Every structure is written in structure tokens, then in C-alpha cells.
Asker: 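This structure is in C-alpha cells; I'll ask about it shortly.
Predicted, not measured: the structure shown is a model, and the values here were computed from it. Every heavy atom of this structure was used, including side-chain atoms; hydrogens, water molecules and symmetry mates were not. Indexing begins at 1, ligand by ligand and atom by atom, following the structure's order.
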Amino acid sequence: MDSVESAGGQLGAVLSAPRDGAAALGPGGPWLATSQAQARQVLTDPATFDFPGNVNRTGDLSGSRGETRSGHTVFDPVPPDQVARGVAVFDAEWAAALREHARSARDEPYDAMSLLRRPVARSTTAAVLPALDDARRDMVADHVLAWIDALGPVIAAHRRPRRWSRVRRAEHDTRVALEGVLDDALACLPGEDRTSQQVATMLAAGIQVPIAAGSFLLAWLAQHPAPATDPLHVVWETLRLTPPTWLTARVTTKPVELGGASIPAGRVVFVSPLLLGRLAELVPGAPDTLADFDPERWEDGTRRPGAWLPFGAGPHACPGRSLGLAVLVRLASWGADHEMTLSEDVRIDQSRGIYPVPCRFTATARSETSP
Ligand code: HEM
């Protein structure tokens, strides 16, 4: 896989920013939090650092002014019984996806991003809407995937696509179709008080990101087999080196001091779990090994995994943290039981969070290869 350290684009700009205070990435901003304390200040004080009204979807770090969108929904964490349901569905659907591959494409390598789509989509949908029957769950999951696919080109576009452009129409049509299916589904669920827009947002966030995280995990394991390592350590190490939500933005509502910098109102401030995950004070191991994939570093117990905030913090922290972690642990356990080989070099795409592409690999069960 590409070294994240050598990646150009916005990733390179963030990793090479000076770290002696909040860093201005251009004249007059945007700013970047470069310590955990700064990141916490930004993420836990929504009255000063509000959600952006128009998230910077262009990959362009030059914009320093932003609008806020106070009143953004706060999502409740997915409760433990619903997490358990999501994990059970993931297990069943992952096994089904592997069987289907064996049936229809046995001689082809697996493609991680494709292979994970249905298992993750159905698992997250089952956890977020546990009362749905399987047929409706699968229909909702397919509609979320269609919306995510249509959103991709809108987010990745360098210039905001015009309202009636083909990509905006496709995004609009798939979103309306999803909300229609959700309206019908929610109407059958007694006591349900979430709107179809809220549920659609939850599902999209809870499907797109774990697919990318799971693909990174498989790519790392293919390059650095860790059959005897605690799968949870493999998960944390993946989320440390390649957190899919590697950059998140807020907009200042008033003038504020952050890490020695005076930031005016209405300016964009970034928090990067990917940058924080490379700070020696947050990660065990020698400073010159921080860019290496080494899940066993978490065995020494001297640092708390997750201190680099791969699930965010504060009122907008990830409500699907437990589900995301649990599904990735299942995947890491599968990875530990298989010998995987990448079929070609993997690049890190930065157009929409980060994800590995192409991420194709072959896998053989270790029990088949052991004497
Ligand atoms: C490995 C898996 C996951 C990772 C790494 C992850 C990461 C994140 C991060 C960093 C944020 C905060 C973004 C910010 O502060 O701007 C976030 C927010 C969010 N996540 Fe996750 N997430 C994962 C899985 C999930 C799952 C499974 C769900 C749903 C079941 C979910 C639903 C959401 C939602 C709805 C938000 C927005 C919260 C808000 O704006 O208040 N995520 N996630």
C-alpha cells in the first residue's frame, strides 16, 4: 500500500504542517489542530466550533471561510443489543459474500471494497432499524448503497456541481428514492420518532466509513500478517494509520484562541485523527516506528487506544463506534485465519475521506495451508 507519509494532496499538507501550535494551512486559515488538547477543544465546544453548513467537499484546503449549521441533529449511540444484532448480520452476510464469490468468480481476486458492501450495509441497517424484516432491511440497504454511490462524484468534484448537473440529479434521485423507502419502513415501526432524513444520514455515515475501514484493515493484514495478534489491536492500528474520516471540519462562531493562534469568527478549523495518530505521546513504541503497521505495539498497555479520536469526540462523536469496532474485530479475526496476498499495489484515494483503491487480494484459509 502507498505510504500515507508520502501521499501528496491534502493528506501531505496536513502531515507536513508545523506542530508547535494550531497550524494555519494558508494565509488567514484554515487552521489545523495539532495536539489532542486542541482537537478536544474544537470537538467538545460546539458553541464556538460549529458544524460547517457546507462541508468542504472539494479536497481544497485553501478555503478559510465557512458558514455554520447550528441545530445539527445529535444522534443517540447504537445500543448494545442493536450492536449485537448488527454483528450477527455481518457474520452471516460476510459468509454469504464469500460463498457468492466462490460460486461466481472463484478464479478472480477478492475486491475488498465490493466484497464488504452488502455485509456492512445490511449489518448497519439491521442495527439502526432492528425491527425491520429481512426483505425490507435488504431493500433499504441497497438504496443506501445507491445513494452513497451517487454522492461520491458530488463529494469528489473539485468544483461544486451545478444544481441540475447529471451528478447532482443522480444524487437527488437516489436520495429521494431512499427517503421514500424509509418513509414506508418507518411508518410500520411503532414508536419510531426519527425522520427518514435522519435515518438516511445515520445509515450513509454508518455504511460508507466501515467499508473503507474494513478494506484498509484487509490491505494492512495482507501486507503484515498478524495471525497470533489480538484482533482488537489490529483494528486500532488500522484506525490509527488510516482512519477513513481522517479530516473533520468545524467553523468558528466567534473569535477564539486555539493552541496559541488567534482565529477570527467564521473560519474553518480542521481536526485530523490521522495526524493525531502519529503523535509520539499518544502511541506506544519508538518515535521512528510510528508510521509502521505494528498491532502488537498495543500489547504494552502504556497508552489508551483511540486517544487520536478516530471516532471523533464531543456531542458529534460517532454514535456507531461500538458497532464499527465490533464489525472490524470480526473481520480482523477472519483475516487472522487466512493467508492473504495483495494482487496489485494499493493507492490511497483522498477524494472522499480516504479509502484504498484498488484493494484486490487472494486469501487461503490457514488451516488449508498448515501441514
Ligand atoms: C469504523 C467505523 C467508523 C468510524 C471510523 C467512524 C468515524 C466517525 C467519526 C470520526 C465521526 C465524527 C465526525 C465529525 O466529528 O465531524 C463520525 C460521526 C458519525 N458516525 Fe461514525 N464511524 C464509524 C462507524 C459508524 C457506524 C457503524 C455508524 C452508524 C451505525 C456511524 C454513524 C455516524 C454518524 C450518524 C455520525 C455523525 C454524528 C453527528 O454528526 O452528530 N458511524 N463517525
Asker: What distance separates D149 CG from Q208 CD, expressed to the nearest 0.5 Å?
Answerer: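 Answer for the CG-CD pair, D149 versus Q208, is 8.5 Å.
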
Asker: Evaluate T248 for polar contact with ligand 1, using N/O atom pairs at a separation under 3.5 Å.
Answerer: yes

Asker: Rounded at 0.5 Å granularity, tell me how far CD1 in I354 sits from CZ in F216.
Answerer: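 I354 atom CD1 to F216 atom CZ measures 4.0 Å (nearest 0.5 Å).
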
Asker: Out of all atoms in ligand 1, which are within 4.0 Å of some heavy atom of T124? Include the element for each.
Answerer: 30 (C)

Asker: Pick whichever of H316, Q208, Q82 has a heavy atom sitting closest to atom 39 (C) of ligand 1.
Answerer: H316

Asker: Would you mind listing which atoms of ligand 1 come within a distance below 4.0 Å of any non-hydrogen atom of G312?
Answerer: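 The list of qualifying atoms is 10 (C).
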
Asker: If you measure from the Lys or Arg side-chain nitrogens to the Asp or Glu carboxylate oxygens, is any gap between D50 and R250 under 4.0 Å?
Answerer: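 No, this pair does not count.
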
Asker: Below 4.0 Å from ligand 1: does a non-hydrogen atom of R250 turn up there or not?
Answerer: yes

Asker: I'd like the name of whichever of G324, S123, C318, A204 reaches closest to atom 25 (C) of ligand 1 through any heavy atom.
Answerer: C318

Asker: Does some non-hydrogen atom of P319 fall short of 4.0 Å from ligand 1?
Answerer: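 Contact check P319 vs ligand 1: positive.
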
Asker: Can you name the atoms of ligand 1, numbered from 1 with element, that are less than 4.0 Å from a heavy atom of T245?
Answerer: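 Counting atoms of ligand 1 from 1, those under 4.0 Å from T245 are 7 (C), 10 (C).
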
Asker: Quick one: do W308 and S272 satisfy side-chain hydrogen bond (donor to acceptor under 3.5 Å, both in side chains)? Show the steps, please.
Answerer: CA-CA 8 Å; W308 60 93; S272 172; over 6 Å; no

Asker: So, using salt bridge (charged side-chain N to carboxylate O under 4.0 Å, His left out) as the criterion, who are the partners of E108 when residues are at least two apart?
Answerer: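 E108 satisfies salt bridge (charged side-chain N to carboxylate O under 4.0 Å, His left out) with no residue once adjacent residues are dropped.
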
Asker: Tell me whether the rings of F311 and W236 are parallel (<30°), tilted (30 to 60°) or perpendicular (>60°).
Answerer: perpendicular

Asker: Taking the six-membered ring for Trp and the full ring for Phe, Tyr or His, determine whether the centres of W147 and H143 are under 6.0 Å apart.
Answerer: no

Asker: I'd like to check which ligand 1 atoms, numbered from 1 as shown, lie under 4.0 Å from a non-hydrogen atom of M202.
Answerer: 29 (C), 35 (C)

Asker: Please compare G206, P77, A39 and report which has the shortest non-hydrogen distance to atom 31 (C) of ligand 1.
Answerer: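 Among G206, P77, A39, the closest heavy atom to atom 31 (C) of ligand 1 comes from G206.
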
Asker: Measuring from non-hydrogen atoms of P310 to any atom of ligand 1, is the shortest distance under 4.0 Å?
Answerer: yes

Asker: Which bit of L203 gets closer than 4.0 Å to ligand 1, counting heavy atoms only: side chain, backbone, both or neither?
Answerer: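 For L203, there is no contact with ligand 1 at all, from either part.
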
Asker: Show me which atoms of ligand 1 lie under 4.0 Å from any heavy atom of L328.
Answerer: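 Per the distance check, 1 (C).
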
Asker: Number the atoms of ligand 1 from 1 as they appear, then name those within less than 4.0 Å of a heavy atom of V209, with their elements.
Answerer: 3 (C), 4 (C), 5 (C), 6 (C)

Asker: Under the salt bridge (Lys or Arg N to Asp or Glu O under 4.0 Å) rule, what pairs show up with a residue in residues 293-320, not counting sequence neighbours?
Answerer: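 Non-adjacent pairs meeting salt bridge (Lys or Arg N to Asp or Glu O under 4.0 Å): E237-R297.
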
Asker: Could you list the atoms of ligand 1 found under 4.0 angstrom from a heavy atom of V128?
Answerer: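 Answer, ordered by atom number: 30 (C).
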
Asker: Do you reckon V209 sits in the same ILVMFWY cluster as L178, going by side-chain contacts under 4.5 Å, direct or chained?
Answerer: no

Asker: Of the non-hydrogen atoms in I211 and M113, which two are nearest, and what is the gap between them?
Answerer: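 Taking I211 first and M113 second, the nearest heavy atoms are CG2-O, 3.7 Å.
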
